[in-house]
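One structure is given here, and the rest of the page talks about it.
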There are 4 protein chains.
Amino acid sequence: MTQNSTVTGRASNKSNGKRPPGRPRSEHSRQAILRSTLKLLRQQGFPDLSIEAVAADANVSKATVYRWWPNRGALVADAFLESAEQELQFPHTGSVRSDMSRQMRRLIRVFRSSRGKVVAALLGGGQSDPELLEAFRERFLWPRRRQAYQTLQRGIDRGELPADTDLDLLLDSLYGPIYFRFLIRHDELTEKFADKICGVVLKNCGPA
Amino acid sequence: MTQNSTVTGRASNKSNGKRPPGRPRSEHSRQAILRSTLKLLRQQGFPDLSIEAVAADANVSKATVYRWWPNRGALVADAFLESAEQELQFPHTGSVRSDMSRQMRRLIRVFRSSRGKVVAALLGGGQSDPELLEAFRERFLWPRRRQAYQTLQRGIDRGELPADTDLDLLLDSLYGPIYFRFLIRHDELTEKFADKICGVVLKNCGPA
Amino acid sequence: MTQNSTVTGRASNKSNGKRPPGRPRSEHSRQAILRSTLKLLRQQGFPDLSIEAVAADANVSKATVYRWWPNRGALVADAFLESAEQELQFPHTGSVRSDMSRQMRRLIRVFRSSRGKVVAALLGGGQSDPELLEAFRERFLWPRRRQAYQTLQRGIDRGELPADTDLDLLLDSLYGPIYFRFLIRHDELTEKFADKICGVVLKNCGPA
Amino acid sequence: MTQNSTVTGRASNKSNGKRPPGRPRSEHSRQAILRSTLKLLRQQGFPDLSIEAVAADANVSKATVYRWWPNRGALVADAFLESAEQELQFPHTGSVRSDMSRQMRRLIRVFRSSRGKVVAALLGGGQSDPELLEAFRERFLWPRRRQAYQTLQRGIDRGELPADTDLDLLLDSLYGPIYFRFLIRHDELTEKFADKICGVVLKNCGPA
DNA sequence: ACTTAACCGAGACGGTACGTCGTGTCTTGCC
DNA sequence: GGCAAGACACGACGTACCGTCTCGGTTAAGT
């Protein structure tokens, strides 16, 4: 991931090796901003997060924030997603059901941690900011889903799943209940819940 | 539903027949405010909804809005929930699977309609406002769930479901995927999706 | 002073002995209102005095205040003036200079007392409310001035003052400096100041 | 007078030559605000003057007004006093009585002009806002009084006044009656009144 | 070394909406 | 008909952020 991978994506200068003239962007400021964003997000939630406060907390001028992120959503998306890469890998246990339930447990653990608050903020804010939701999907959901496809495909190859399985339907059936409880909060979201869902959805797919 | 069922719940005077002293609350204003709230919510989404605009649209003073609703969230919750009572009844077809899939189809229809935008606003806002989410659960989720329990119980009585079925797990497995697609918007939310979920979760519970 | 002598003066029914129909005006409320007005006026000054607060303090409804006084100014005027009648009489010492200086000392004593704050409020408010100032003149200034004319006339009769003395000029010269220091507060307003003024203005008018 | 001489007196940076960091204050806005304040003050009087209206009239945001003036009083004081500096100089006619009466006539002329309304507003408001009154004294009264001392001292030097004259008493005797009529409005305030007062107070001090 | 150009902090600016308060009017039921 | 209670439309309050701007000062690369 390059330095310039903001959500909105300023043109990077990766093609020609030449650095542009002038003072280069302050990496220190960039990190301080993203760090403060996460910090405040955890404290107050998305709608009470102000650019003003982020700038103050990061000891940075407002103009610097606005120079690099067009709006609050982009900032939040960048802050969260940079911190969420390289996580939640899928294991290879040799059984679909166990591969899935283990990864689902990890997701639930993340949702229950302090980072869960940030995800909730992201998805909550995304309900009224399409770009925010888009960022969540592109940078968080799809990368994991691609791995999930492979996991399921291994199950098909092993004969644990029928060859004509609707992968998207299956994944939504597995993860939907988790997101449901996470977002509506009508019932406990424990790690055991992952196993129970697998019990319902992957009844005949090998041992838990 | 009484006149006083705001989210924050001012003490209602239904128990003792006596009206409180002073000029009575204007029912006309109350309705105008809720109507304007829904209207503007559909047009602009939750974060761009200002009390100022609601008051102006309803030809009402800001103070009147604030007198009865403590914040934007409570207003939105009341506006939506008052409009959503008495809806989404469960049918009695004689088959669990068909009862459920039909009601799930209705829910999807609501989510796809203009009222979906209001639900999304409510749930999005609820991610940072616990009371808002609480209102959604109390006034929307639980009333329906109580009916769903009965529907499933009929299935158990008829032998379509095992007697030891975990009802909450089952319901979350059925509705979770719908809310998932509705809130994350990573895939189409069609009415047919209801049937497919039932196919996964209620495989052996009678005809679709 | 009759019950109805508000500044704005509702028509009284003194001519025909018949009481009007309906419940008679509550004398208790009237006094409570005036009392609270004075109290709050002493505490906070004219611009921070609200009808709302007066009504609350007097345990009276706002409507009752508005029914009898058209605005804040009339209320304040009534409150002050009712409390200020029958005061500041002129003595008869046999010497103009001594008569005047003694009365001036009394005025200064009032200005320095807690009632001074109310007078200041009245005159301050009067700078932007002509009726308030008019009330002050009619009910406070002129009654005293009429007595002062008589005092000065006695001085003329005794030969202490020339027969062609401009009484208004003389009185303004005597009282102007007191009001000046009272309102501008640029210098001490002690009772001795009364004597000094008399020394300047009534140099040759008999002993101090 | 420096740019920073607001009533509340932000620290000015005149001593050390360095400009403070950040965008400099807009002199244009500052003047527009003061100009609009005077304009509206003349039209409507102090109590009907709203910051909201000033900001609108000056094409300036409310926040800008509040950034530099803590309240309406300070704003009015600044507006008036900036417009009143360098005025009402004392003449040098060679006679105390004539010096004084001429300056007093000028003051009366100001009080009768449209600016009189602003002074009345200032003093009226000052009755409940000590800082406002303080500003009037510091910026309007004392500067003139210092000149008056010199004028009277010249009279002493010329033998027109006794060497032991109480200057403050004398000045209050001369100006008190003017302020009295100006603020109470119980009698005409003509320029001739200045001469008459001098006749009473400076009887033996040379020709008029 | 000197220019040049972009970066950065600080913070003022015109706006918009906030949530509160007081105004003066009204509606209702009791006295 | 007076009165309390209190809801109402209205309008200003003073505050908080928005996103933009204008400064002086900094930081390298390319002269």
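All values below come from the heavy atoms of this structure, side chains included, with hydrogens, waters and symmetry mates left out.
The nearest whole Å value for the distance from the CG atom in A:D57 to the P atom in E:dG9 is 14 Å. Straight-line distance from the CZ atom of B:R72 to the P atom of E:dC18: 8 Å, rounded to whole Å. Distance C:W69 CH2 to E:dG24 P: 15 Å, rounded to the nearest Å. The separation between B:R30 atom CZ and F:dC8 atom P is 11 Å, rounded to whole Å. What separates CD of A:E27 from P of F:dT27 is a distance of 16 Å, to the nearest Å. Atom C1' of nucleotide F:dG14 and atom CG of D:L75 are separated by 14 Å, given to the nearest angstrom. For the pair A:I33 CD1 and E:dC8 C1', the computed distance is 10 Å after rounding to whole Å. Taking atom CG of A:D48 as the reference point, atom P of E:dG19 lies 11 Å away to the nearest angstrom.
For the pair D:V60 and C:L49, both in contact range of DNA chain E, the more 5′-proximal nearest nucleotide belongs to D:V60. For B:R23 and B:T64, each mapped to the nucleotide of DNA chain F holding its nearest heavy atom, the one lying further toward the 5' end belongs to B:R23. Mapping D:I51 and B:P24 onto DNA chain F by nearest heavy atom places B:P24 closer to the 5' end of the strand.
Considering only side-chain atoms of C:Y66, the nucleotide from E:dG22, F:dA9, E:dT25 that sits closest is E:dT25. Looking at the side chain of A:E52, the nearest of the listed nucleotides F:dC18, E:dT23, E:dG19 is F:dC18. The listed nucleotides are F:dG19, E:dT23, E:dC8; the one nearest the side chain of A:R25 is E:dC8. Side-chain proximity of B:P21 to the nucleotides E:dC18, F:dA4, F:dG6 is greatest for F:dG6. Of the listed nucleotides (F:dC17, E:dC18, E:dG15), E:dG15 has the atom at the smallest distance from the side chain of D:S61.
A sub-4.0 Å separation between OP1 or OP2 of F:dA9 and a side-chain N or O of B:S26 is absent. Between D:S29 and E:dG14 there is a side-chain polar atom (N or O) within less than 4.0 angstrom of OP1 or OP2. Listed pair C:W68 / F:dC3 meets the phosphate criterion, a side-chain N or O lying under 4.0 Å from OP1 or OP2.
Nucleic acid contact class of D:A63 (heavy atoms, under 4.0 Å, all strands): base. Among the protein residues, D:N71 comes within range of no part of the nucleic acid, since none of its heavy atoms lies under 4.0 Å from any strand.
A distance-only check finds no donor-acceptor pair linking the side chain of C:S36 to the backbone of C:I33 [under 3.5 Å]. Judged purely by atom type and a 3.5 angstrom limit, D:Q127 uses its side chain to pair as donor or acceptor with the backbone of D:L123.
Within 3.5 Å, no donor on the side chain of D:K62 pairs with an acceptor on the base of E:dG15, nor the reverse.
Under a cutoff of 6.0 Å and an axis angle of 45°, D:R30 and D:W68 do not form a cation-pi pair.
With values rounded to the nearest 0.5 angstrom, B:R35 atom CZ is found 9.5 Å from B:D57 atom CG. For the atom pair OG1 of A:T37 and CG of A:D78, the computed distance is 9.0 Å after rounding to the nearest 0.5 Å. Residue C:R72 holds its CZ atom at 7.5 Å from CD1 of C:I51, rounded to the nearest 0.5 Å.
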